[in-house]
Amino acid sequence: MSRGDCVAMEPRAGVSKQDIREQIWDHMESQNLADFPRPVHHRIPNFKSKKTLLVPTPRLRTGLFNKITPPPGATKDILRKCATSQGVRNCSVPIGLDSRVLVDLVVVGSVAVSEKGWRIGKGEGYADLEYAMMVSMGAVSNETPVVTIVHDCQVVDIPEELLEEHDITVDYILTPTRVIATDCKRPQPMGITWSKISRKMMEKIPVLRSLRAREQQAGKDVTLQGERQHLPEPGRQQAVPLSAGRRPLDTPGPEANSMEATVGSPPGEGAPLAADVYVGNLPRDARVSDLKRALRELGSVPLRLTWQGPRRRAFLHYPDSAAAQQAVSCLQGLRLGTDTLRVALARQQRDK
């Protein structure tokens with residue numbers, strides 16, 4: 001395939017990333033240039049590779065990386081199956097955030113790439129997110145080379161103004177006919193840009209919730225897309241009165257972020273507020289300190305916590321409904337001991 005078969009795309013005013021994606025996809029489909037799966041629209045075009053790779057968990061549903069470990073004496077057909085999503089599930093070992101892994105080379109898919117190193121993916125942001133997570137866990141640095149493997153027709157001109165701060169760039173481009181050293185000087189992202197992460201993405205990716213809790217504990221700004229950051233005024237704490245007849249339990253220290261614990265019923269239990277979160281299925285031997293510790297670790301500390309241990313439930317009180325909804329998303333799947341807790345907005349729980 002000569003360069004004469006490539007897409008001719010001149011930079012023009014108003015061109016968007018999606019314009020470039022559509023032109024690449026249309027050309028590759030019309031010329032039958034890509035491997036399975038087809039059509040290539042809304043995908044990273046697929047090419048065969050004979051290298052052993054540490055692969056991201058599909059859509060990051062259960063973790064960050066998986067190391068494929070084929071069975072001894074695997075045939076070519078078995079190796080081919082190991083490279084599929086089913087193979088990742090059946091023939092791999094997960095690599096978590098705590099794993100001391102150093103990545104020497106990052107291979108990333110692309111829909112389009114320029115000789116300057118600018119890259120366009122399929123538009124969902126998973127490659128950028130995977131790289132940012134590797135930075136956060138110390139697996140890569142700005143010196144780690146990034147390579148993309150594309151067809152010659154995918155090497156096009158891309159206006160630099162289309163790049164955003166979270167976009168990764170590439171150092172080398174491999175095509176069927178060329179190896180291109182981009183000599184790109186643009187710094188790679190230094191971690192996750194939380195303001196680009198939506199609540200929906202947080203719900204889909206459990207490992208992202210764990211990483212956010214870590215970075216929040218480290219004092220980083222982890223405000224999500226469309227989320228307001230609730231910060232107390234300097235030198236002041238928000239006073240939350242206790243109802244008559246209640247006594248404080250498990251008096252928190254400074255690390256508890258002003259969270260109070262009360263016993264009894266939450267205010268107005270007959271009509272739970274939109275800012276209240278119900279936590280049920282607490283273990284019979286659970287203590288309020290266990291729940292508070294888990295909430296701090298996940299970065300979902302409420303203004304106040306109402307503990308109803310004998311009834312195996314608790315209520316978390318947040319400043320507004322948006323904060324409560326965010327907590328519900330973050331706490332899904334939370335376990336104390338061997339029990340998975342039930343978490344819902346208190347108002348919805350009452351309706352059930």
Side-chain angles (χ1 to χ4, degrees), residues 61 194-195 197-213 216-217 222-232 238-243 246 248-250 252 256-284 286-352:
R61 291 189 185 95
W194 292 103
S195 60
I197 305 296
S198 66
R199 292 179 186 170
K200 185 176 181 180
M201 185 171 286
M202 290 288 293
E203 293 173 4
K204 290 181 177 180
I205 307 176
V207 68
L208 199 56
R209 299 200 294 268
S210 300
L211 190 54
R212 186 187 185 217
Q216 186 174 46
Q217 287 182 333
V222 295
T223 306
L224 301 180
Q225 185 182 81
E227 178 183 83
R228 294 179 301 171
Q229 189 174 14
H230 300 285
L231 297 175
Q238 185 169 356
V240 182
L242 297 177
S243 300
R246 295 181 182 158
L249 285 182
D250 188 37
N257 296 337
S258 303
M259 176 175 27
E260 293 187 25
T262 65
V263 292
S265 302
E269 186 181 19
L273 302 176
D276 292 344
V277 173
Y278 164 86
V279 178
N281 198 38
L282 292 167
R284 297 187 185 280
R287 301 176 58 186
V288 65
S289 58
D290 298 330
L291 179 58
K292 290 167 67 175
R293 186 182 305 109
L295 293 173
R296 286 195 294 269
E297 289 175 353
L298 289 173
S300 293
V301 177
L303 296 176
R304 193 174 68 253
L305 183 156
T306 299
W307 179 258
Q308 297 180 348
R311 302 176 69 177
R312 302 184 63 188
R313 70 182 189 181
F315 290 88
L316 314 179
H317 312 285
Y318 291 90
D320 54 37
S321 58
Q325 184 61 64
Q326 178 195 344
V328 170
S329 299
C330 186
L331 299 178
Q332 293 300 319
L334 175 62
R335 299 170 68 93
L336 285 185
T338 59
D339 297 334
T340 301
L341 306 186
R342 289 194 296 269
V343 182
L345 291 176
R347 180 172 293 174
Q348 294 175 352
Q349 179 65 25
R350 183 197 64 170
D351 293 342
K352 290 181 180 179

Q | Closest contact, heavy atoms only, P302 versus L316 | A | CB-CB, 4.0 Å

(Q) Any heavy-atom pair between the side chains of L305 and L295 that's under 4.5 Å? (A) yes

Q) Going through the distances and angles, do L331 and L341 end up as a side-chain contact (heavy atoms from CB on, under 4.5 Å)? A) CA-CA 9 Å; L331 299 178; L341 306 186; over 6 Å; no

Q: Would you name the heavy atoms of A294 and L334 that are closest together and state the gap between them?
A: CB-CD1, 4.1 Å

**Q.** SB check D290 R287 (cutoff 4.0 Å)
**A.** no

Q) Judged by atom type as modelled, is there a donor-acceptor pair below 3.5 Å linking the side chain of R199 to the main-chain atoms of L224? A) no

Q: Could you tell me the separation between the CG atom of L211 and the CD atom of Q216, rounded to the nearest 0.5 Å?
A: 12.0 Å

Q: Side-chain contact test, heavy atoms from C-beta onward, threshold under 4.5 Å: evaluate it for W194 versus L208 and give yes or no.
A: yes

Q.
Let me confirm one number: the CD-CZ distance from Q308 to R313, rounded to the nearest 0.5 Å.
A. 4.0 Å

Q.
How close do L336 and P283 get, counting heavy atoms only, and between which atoms?
A. O-CG, 3.3 Å

Q. Quick one: side chain to side chain contact (heavy atoms under 4.5 Å, CB included) partners of R312, sequence neighbours excluded?
A. N281, L282, R284, D339

(Q) So, taking the atom named OH in Y318 and the one named CD in Q325, what distance separates them when rounded to the nearest 0.5 Å? (A) 11.5 Å

(Q) Please give me the minimum heavy-atom distance between W307 and A314, naming the atom from each residue. (A) CE3-CB, 4.1 Å

Q | Minimum-distance pair of heavy atoms, taken over all atoms of A275 and S321 | A | CB-N, 4.1 Å

Q: List in chain and number order the residues that pass side chain to side chain contact (heavy atoms under 4.5 Å, CB included) with S198, two or more places apart in sequence or in another chain; answer none if no residue qualifies.
A: K200, M201, Q225

Q: For Q332, check side chain to side chain contact (heavy atoms under 4.5 Å, CB included) against everything at least two apart and list the hits.
A: V328, V343

